[in-house]
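Working notes, beginning with the structure itself.
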Number of protein chains: 2
Amino acid sequence: MPRMSAADRREALVRAALRVVARRGLAQATTRAIVAEAGMSLASFHYAFDSRDELVDALIEHVVGAEGAALLVDELPGTDVGDVVRLGLRRYLDHLRGDPDAEQAMLELTQHALRDPERHDVARRQYQRYHDLAEASLDAAAARAGVRWRRPVRDIAGLLVAMTDGITMTWLVTRDDAAAEAAIDLLAETIGREAVPATVSDATPDATESPDAAERPDPADSDPDPGATT
Amino acid sequence: MPRMSAADRREALVRAALRVVARRGLAQATTRAIVAEAGMSLASFHYAFDSRDELVDALIEHVVGAEGAALLVDELPGTDVGDVVRLGLRRYLDHLRGDPDAEQAMLELTQHALRDPERHDVARRQYQRYHDLAEASLDAAAARAGVRWRRPVRDIAGLLVAMTDGITMTWLVTRDDAAAEAAIDLLAETIGREAVPATVSDATPDATESPDAAERPDPADSDPDPGATT
DNA sequence: GTCTATATGGAGATAGAC
DNA sequence: GTCTATCTCCATATAGAC
């Protein structure tokens, strides 16, 4: 085995751990299973990490940084905003179908994080990032289509994020492609109906267009740079 | 400790296990923690169950049978179908806020079940039941309001079930009440728009009102009696 | 630094007295 | 039937040779 830097070793172990969690679940992701997957010895593990908990933490941080980009992307051909949402969610469904174990691993890691007060914040930041991403995508789609949203974009983004989780969970259980597609189409159609033609006064770039948008302060908006993931 | 029948002991252990899982997570629900919660000795555990796995199976079956009723109920004051959906989901959100650990326990048990092919079917049946319940509630609400659904009820029910999961997951992470309520209101409004006034020809009780409803066969409708739980 | 070998603890499961 | 005491295994973590 060639020498690796401690950082490389940590990275390799995290990647191996993710594969093991995806394949057999977090509970079965023992240090032995992980080092076997990584082709290392047990001692190398404890050279790179102090404990298994520390690796799990690193694993959570890793997936938080990496997975955000798959949710919704801006380069969708969008004339109709409903279509943009539909294509974005369909793309996510394709991703889910292509690698269901990976998404289940994400869910398991998130739920694991919820059990610890300190890790809970990591999960919160992850969801905040999802939300910001969805919001930015919705804004961009609306701008290109020349429409504006009839209600706070934040609310629509929240529905999108929740829906993504819901589809993930139900599809993982039922494996019903058609049902997931039907739900996506229905939701996309709905969100499309929330868009109305933009007037000139709406063109102000950063004005919140709804009067009650300020009534509800964002409980967690401490992330000023939602674009820099990884 | 008084003598208990084996059945009573099993029941008591299952209930204790559920409390432990809710409080500390499935991974921490060791046999020792469970018998401590139930006030029994370790030997009593193995008198009632052959193994911990067997108890976890019983626990899954238990929650599958018990939790369905809380999702959507028919006794909601419904003139407007959108309001019925909104109130039903709000009621579920109240339940979630009142006992978040219990719902997280449900999620953990479901995900655990997904890891085993045999247990996967148990989870599938659970979701099938949720779906049937949602569908029946939607039908009942529409009938009372004198409206019909513009698209297959099945699709709307699927969206409801997925949305319930999504709201659960996102709320457990963010604990953002206002966001959950906004998502609920938006979804309810949407679903309300899927209802149109019923005509006389629509009054046929069990006719599928959409021409493409038969195009998608139900992948799992082997449960002829969704009402008889527990 | 990287390995083999081992210590330590906690988990599930059981033996055997009462 | 129910308990205490124990067995066995496996996981994490460490010691110490090279």
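The chains referred to below are lettered A, B, ... by the order of the sequence lines, with proteins before strands, and numbering in each begins at 1.
Listed nucleotides C:dC3, D:dT2, D:dA11 differ in distance to A:Thr30; the shortest reach to its side chain belongs to D:dA11.
Atom CZ in A:Phe49 sits roughly 17 Å away from atom C1' in C:dT2 (whole-Å rounding). In this structure, B:Met40 places its CE atom 15 Å from P of D:dG1, rounding to the nearest Å. Going from atom CG of B:Leu13 over to atom P of D:dG1 covers 16 Å, rounded to whole Å. A:Ile34 has its CD1 atom 12 Å from the C1' atom of D:dA11, to the nearest Å. Rounded to a whole Å, the CZ atom of A:Arg10 is 16 Å from the P atom of C:dG1.
Applying the salt bridge (Lys or Arg N to Asp or Glu O under 4.0 Å) rule to B:Asp177 yields the partners B:Arg97; only residues at least two apart in sequence or on another chain are considered. In terms of the side-chain contact (heavy atoms from CB on, under 4.5 Å) criterion, residue partners of A:Ala29 (sequence neighbours excluded) are, by chain and number, A:Val20, A:Val21, A:Ile34, A:Arg52. For A:Arg175, the side-chain contact (heavy atoms from CB on, under 4.5 Å) test picks out A:Pro100, A:Trp171, A:Leu172, B:His120, B:Arg124, with sequence neighbours left out. Under the salt bridge (Lys or Arg N to Asp or Glu O under 4.0 Å) criterion, A:Glu108 pairs with B:Arg115, sequence neighbours left out.
Within the structure, salt bridge (charged side-chain N to carboxylate O under 4.0 Å, His left out) contacts touching residues 38-48 of chain B (residues at least two apart or in different chains) do not occur.
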*Could you write nucleotides 13-18 of chain D as a row of B, S and -, 5' to 3', where a protein heavy atom under 4.0 Å of any base atom gives B, of only sugar-phosphate atoms gives S, and otherwise -?*
BB----

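A salt bridge is defined here as a Lys NZ or Arg NE, NH1 or NH2 lying under 4.0 Å from an Asp or Glu carboxylate O, and A:Asp83 with A:Arg86 meets this definition.
For C:dG1, the OP1/OP2 oxygens have no side-chain nitrogen or oxygen of A:Arg9 closer than 4.0 Å.
Nucleic acid contact for B:Ser41: base, since at least one base atom lies under 4.0 Å from a heavy atom of the residue.
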